[in-house]
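Contents: one structure, followed by commentary.
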Amino acid sequence: MPGLTFERRLMFSYCVDPDTLGTFRWFSCYLTTGVHWSFYLSFLKVLLLLAVTAPVALSFGFAGAMAARSHFPPLSWLGKGYIAIVRGVPDIAFFLFFVIALDQGFEWIRHKVLCPDWSEPIRQGNDFLVCQSAKLPLGTAPEWVHETYGFILAVITFSIVFGAFAANVLFGGMRAVPHAQLETAEAYGMTRRETFWRILVPQMWVYALPGLSNLWMVLIKATPLLFLLGIEDIVYWARELGGTKTSRFTEYPHGDWRMWYFLFLLIFYLGMTRVSEIGLEKLMRRLSHGQATSGGELLRKETTA
Amino acid sequence: MKNLILTTAALALTAGMAMADTVRMGTEGAYPPYNFINDAGEVDGFERELGDELCKRAGLECEWVKNDWDSIIPNLVSGNYDTIIAGMSITDERDEVIDFTQNYVPPAASAFAAASDGADLSGGVVAAQTATIQAGYVAESGATLVEFATPEETIAAVRSGEADAVFADKDYLVPIVEESGGELVFVGDDVPLGGGVGMGVRESDGELRGKFDEAITSMKADGTLNEMLKKWFGEGTATYGTDGSVVTN
């Protein structure tokens with residue numbers, strides 16, 4: 001049997017010869033192979049991506065919305081341009097080309113700073129060439145550094161894309177706050193800055209939350225785009241592990257099991273959406289508290305009745 | 001003090017050499033027996049064994065990287081890895097964008113596999129992997145081409161009846177047809193395609209290409225490449241003579 005020359009780390013001692021095992025034991029070995037651990041690890045990767053991307057995208061969105069409603073025209077154009085351009089470009093195009101461009105951009109800057117004496121052109125035909133020390137990560141870096149770098153690029157890309165949508169939602173949320181509230185603040189002698197931070201921002205969330213919760217749901221489902229960025233996510237592994245395996249290349253041959261793996265992913269995604277719905281519902285209740293909206297009014301009646 | 005300076009200089013020098021010598025090998029990991037992911041989750045297959053041996057002979061330190069087939073060339077020219085060693089046939093179209101070493105697998109036959117003998121290969125629906133020479137061949141043959149991102153999906157399309165046949169490297173199809181229990185059979189004649197399988201490198205990377213070329217030549221000359229070919233593709237596979245010429249067995 002070629003291909004089975006690698007050193008095996010077995011979860012259970014009886015996994016030495018899987019062909020002879022009963023169904024239950026066979027599966028206990030099959031589901032604990034090295035590739036399956038990579039599969040389980042990819043779930044953590046996806047959760048980590050969500051946990052990091054959501055706040056970063058929200059801050060991008062907040063900055064974008066603030067810029068868009070600025071009274072200083074160039075800043076306002078910048079904010080509105082960001083929202084319009086990123087929302088208009090198809091995600092898949094963004095994920096395919098932007099990441100390579102971003103990576104090359106970083107390397108180009110490092111190249112200019114670190115290798116000022118370099119005389120050869122950076123672009124030679126199709127090739128993009130920077131000096132060795134400008135490579136990001138360095139060619140000598142271990143594989144996990146490369147993977148972490150890829151992950152960071154993914155977070156930046158996801159944040160820029162979802163930040164643009166969030167900016168639009170927050171921009172709408174800011175405009176939905178009743179104007180009378182702002183005028184009252186002004187009448188009390190607050191500056192524009194104070195009105196913004198003390199009156200507008202605390203009240204806008206309740207208007208923005210339905211839109212933001214939509215974005216969160218879309219973000220959860222957009223994580224398979226990670227594979228376009230070279231990160232092995234849960235969908236990649238489900239496809240890889242579920243595919244037909246012949247006995248020449250594995251000790252655990254099986255037919256096309258992709259359906260079962262994707263069914264498992266379906267359950268995972270449904271579970272994620274359910275948990276998110278419950279969390280967002282709670283958040284909405286909290287934000288509505290004391291607000292001059294129908295939701296806030298409902299809460300007031302509940303507590304006084 | 002002088003000693004210290006010397007040591008530092010030596011250190012800096014060796015560090016610089018180590019930096020230049022790490023070669024990142026890009027592969028797909030989904031195309032057995034060329035390359036696949038084994039039960040332990042590592043890159044395995046003919047090209048893993050070959051690549052490790054080539055690096056040893058060329059005195060290079062190599063690291064394996066997985067990349068999706070669709071973006072395997074853009075990521076090479078962008079410098080994310082230094083070679084493509086992924087069962088890639090040498091074709092004129094690809095040669096315009098990247099360079100190839102000499103082939104390390106002789107020009108091999110591609111074959112059709114179908115659910116029954118009577119599959120219509122010239123007018124029916126034929127599945128092939130996107131951006132492969134097989135896809136190009138089917139597109140010109142008059143049959144309706146359906147493309148899939150991975151080899152696995154091309155087989156699944158035949159099993160599900162979505163395609164009448166799949167057209168792929170015969171080496172890839174053999175183990176699948178053998179283990180299908182008669183569900184899949186080879187139909188039609190084998191078609192020789194492409195200029196063999198070679199290693200892809202950036203056009204500006206002539207030095208690296210030279211090193212690998214030299215290592216491949218030495219493996220052809222002492223017969224080790226033939227042993228690997230027979231081990232992974234079976235006794236009947238085409239091999240090389242000591243002068244590098246192709247021998248069909």
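Protein chains get the first letters and strands the later ones, always in sequence-line order, with residue 1 at the start of each. Everything numeric here is computed off the predicted structure, so don't read it as measured data.
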Could you tell me which portion of [X] (side chain, backbone, both or neither) has an atom closer than 4.5 angstrom to a non-hydrogen atom of chain A?
| X | value |
| --- | --- |
| E179(B) | side chain |
| R159(B) | side chain |
| R24(B) | side chain |
| E96(B) | backbone |
| T150(B) | side chain |

Between E152(B) and R239(A), is there a side-chain N and carboxylate O pair less than 4.0 Å apart?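 Result for this pair is no, no salt bridge flagged.
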Work out which heavy atom in [X] is nearest to a heavy atom in [Y]; give both atom names and the distance.
| X | Y | result |
| --- | --- | --- |
| G41(B) | V35(A) | CA-CG1, 3.5 Å |
| S78(B) | E107(A) | O-OE1, 4.4 Å |
| E240(A) | G29(B) | OE1-O, 3.7 Å |

Got P74(B) and I100(A) here, is their nearest side-chain heavy-atom distance under 4.5 Å?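 Yes, their side chains come closer than 4.5 Å.
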Do I176(B) and T246(A) have side-chain heavy atoms sitting under 4.5 Å apart?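 Counting from C-beta outward, I176(B) and T246(A) do come under 4.5 Å.
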Can you say whether E147(A) sits under 4.5 Å from chain B via the side chain, the backbone, both, or neither, judging by heavy atoms?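 Answer is neither: E147(A) stays 4.5 Å or more from chain B.
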Contact part of F39(A) toward chain B, heavy-atom cut-off under 4.5 Å: side chain, backbone, both or neither?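 Contact with chain B is absent: no heavy atom of F39(A) under 4.5 Å.
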Let me confirm one number: the [atom1]-[atom2] distance from [X] to [Y], rounded to the nearest 0.5 Å.
| X | Y | atom1 | atom2 | value |
| --- | --- | --- | --- | --- |
| K245(A) | I37(B) | NZ | CD1 | 9.5 Å |
| T250(A) | D44(B) | OG1 | CG | 10.5 Å |
| D103(A) | N75(B) | CG | CG | 8.5 Å |
| T32(A) | D39(B) | OG1 | CG | 10.5 Å |

Around atom CH2 of W108(A), are there more than 12 heavy atoms from other residues, nucleotides or ligands closer than 6.0 Å?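 Check fails, neighbour count at 12 or below.
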Any donor-acceptor pair under 3.5 Å linking the side chain of [X] with the backbone of [Y]?
| X | Y | result |
| --- | --- | --- |
| D256(A) | A156(B) | no |
| K135(A) | N80(B) | no |
| D127(A) | R202(B) | no |

Kindly assign one of parallel, tilted or perpendicular to the pair F249(A) and W232(B), based on the angle between their ring planes and the thresholds 30° and 60°.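 Parallel: the ring planes of F249(A) and W232(B) meet at under 30°.
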Which one of R258(A), Q104(A), H36(A) has the most heavy-atom pairs closer than 4.5 Å to chain B?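 Highest number of heavy-atom pairs under 4.5 Å: R258(A).
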Could you go step by step and tell me if H146(A) and Y81(B) meet the side chain to side chain contact (heavy atoms under 4.5 Å, CB included) rule? CA-CA 10 Å; H146(A) 284 271; Y81(B) 37 80; over 6 Å; no
